[in-house]
Amino acid sequence: VGWVLVKQECLRINRNETNLGLNWAANKAIERAKGKYIVRIDADDILLPQALEKMFYHMESNNHYGIVYPAFYEWKESGLILRINETDHHPAGALIRKSCWNEIKYNENYRCQDGFDFHLKFKDRFVVSYLDEPCFVYRKHENSQSTNEKLAAETKGKMSNEFWCN
């Protein structure tokens, strides 16, 4: 299991001895990032051309924004589906102000639905913005953790209870 950190022309690859999960790896990489903004893209997703530029200018248009959720394409075996409304947010592919992320981070106790948990916590503390232009392709295939609907529903239920009861 590895994670990558990119800074200008410098590329650092860090390897973990054991698989501690996607959320742990994402948290560790983002903690070490030195930029003002972060974008997390999973290995099977695709960032579209000019995505960073579009999200950057949208974020810079309002200093109060903590995150910009862009529209995205969901890629299934049946084809591409455009997700463009405010209920189809996905932190993987979103531009996040690192100072805001530092206060939230991904919950390492969960193995799936990290975006749902992150959004629940984020939306109550920071200004959320949406960009109607698609900026990435989210690949949903039979091996995706998000494809297991029973596990996803159970995990979302646990996260909701934890969020509302605290």
Side-chain angles (χ1 to χ4, degrees), residues 1-14 21-102 104-107 110-123 126-149 152 156:
V1 176
W3 46 275
V4 177
L5 198 58
V6 178
K7 181 183 177 192
Q8 295 173 359
E9 298 85 36
C10 176
L11 176 69
R12 289 187 293 173
I13 299 175
N14 297 281
L22 176 62
N23 291 348
W24 182 90
N27 281 341
K28 186 60 75 177
I30 296 167
E31 283 170 9
R32 293 184 179 187
K34 298 190 185 334
K36 182 177 177 181
Y37 302 114
I38 56 165
V39 176
R40 190 191 108 200
I41 294 290
D42 294 334
D44 55 353
D45 298 337
I46 302 165
L47 195 61
L48 297 175
Q50 286 82 45
L52 295 176
E53 182 179 10
K54 290 175 186 177
M55 290 188 290
F56 172 80
Y57 285 117
H58 186 79
M59 181 76 87
E60 288 288 305
S61 73
N62 186 325
N63 288 333
H64 299 293
Y65 292 160
I67 190 168
V68 174
Y69 287 114
F72 63 94
Y73 293 104
E74 185 175 285
W75 179 10
K76 295 181 174 183
E77 287 184 25
S78 58
L80 291 176
I81 302 166
L82 179 60
R83 301 291 186 187
I84 199 166
N85 63 59
E86 294 183 8
T87 60
D88 285 331
H89 48 268
H90 202 295
L95 183 69
I96 305 168
R97 196 174 298 276
K98 187 165 186 267
S99 60
C100 297
W101 177 88
N102 286 336
I104 303 290
K105 301 186 182 179
Y106 292 108
N107 187 330
Y110 296 110
R111 301 293 262 184
C112 68
Q113 299 302 312
D114 51 290
F116 180 75
D117 177 68
F118 185 85
H119 181 72
L120 279 178
K121 295 184 291 187
F122 202 95
K123 70 180 179 60
F126 303 105
V127 178
V128 174
S129 182
Y130 298 90
L131 179 63
D132 288 340
E133 297 181 64
C135 290
F136 73 101
V137 179
Y138 168 62
R139 187 164 175 233
K140 197 167 184 177
H141 50 85
E142 63 184 42
N143 295 327
S144 296
Q145 290 178 338
S146 57
T147 304
N148 183 333
E149 293 180 17
K156 280 185 174 182

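Predicted model, so just to flag it, every value in this text is computed and none were measured.
Applying the side-chain contact (heavy atoms from CB on, under 4.5 Å) rule to Phe56 yields the partners Tyr37, Glu60; only residues at least two apart in sequence or on another chain are considered.
In this structure, CD1 on Ile41 lies 8.0 Å from CG on Leu52, to the nearest 0.5 angstrom. Rounding to the nearest 0.5 Å places CZ of Arg97 at 12.5 Å from CG of Asn102. Here CD1 of Ile38 is found 8.5 Å from CD1 of Ile67. Values are rounded to the nearest 0.5 Å. Here the CD atom belonging to Glu53 is positioned 11.0 Å from the CE atom belonging to Met55, to the nearest 0.5 angstrom. The CD1 atom of Ile96 lies 10.0 Å from the CD1 atom of Ile104; values are rounded to the nearest 0.5 Å. Here the straight-line distance linking atom NZ of Lys76 with atom CD1 of Ile81 works out to 4.5 Å at 0.5 Å rounding.
A donor-acceptor pair under 3.5 Å is formed between the side chain of Lys98 and the backbone N or O of Ala33.
Ring geometry for Tyr65 versus His58: interplanar angle under 30°, hence parallel rather than tilted (30 to 60°).
For Arg40 and Tyr106, the positive end sits near the middle of the six-membered ring, less than 6.0 Å away and at most 45° from its axis.
Between Arg139 and the choices Ile46, Asp42, Asp45, the side-chain contact (heavy atoms from CB on, under 4.5 Å) rule is met once, by Asp45.
Smallest separation of non-hydrogen atoms from Phe122 and Val128: CD2-CG2, 4.2 Å. Across every non-hydrogen atom of Gly66 and Cys100, the tightest pair is CA-SG, 3.8 Å. Of all heavy-atom pairs spanning Lys105 and Asn27, the tightest one is CB-OD1, 3.7 Å. Considering every non-hydrogen atom in both Pro70 and Ala94, the closest pair reads CD-CA, 3.8 Å.
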Q) Where do Lys54 and Leu48 land on the side-chain contact (heavy atoms from CB on, under 4.5 Å) test, with the steps shown first? A) CA-CA 10 Å; Lys54 290 175 186 177; Leu48 297 175; over 6 Å; no
(Q) Would Phe136 and Val39 count as a side-chain contact (heavy atoms from CB on, under 4.5 Å) here? Give the steps. (A) CA-CA 11 Å; Phe136 73 101; Val39 176; over 6 Å; no
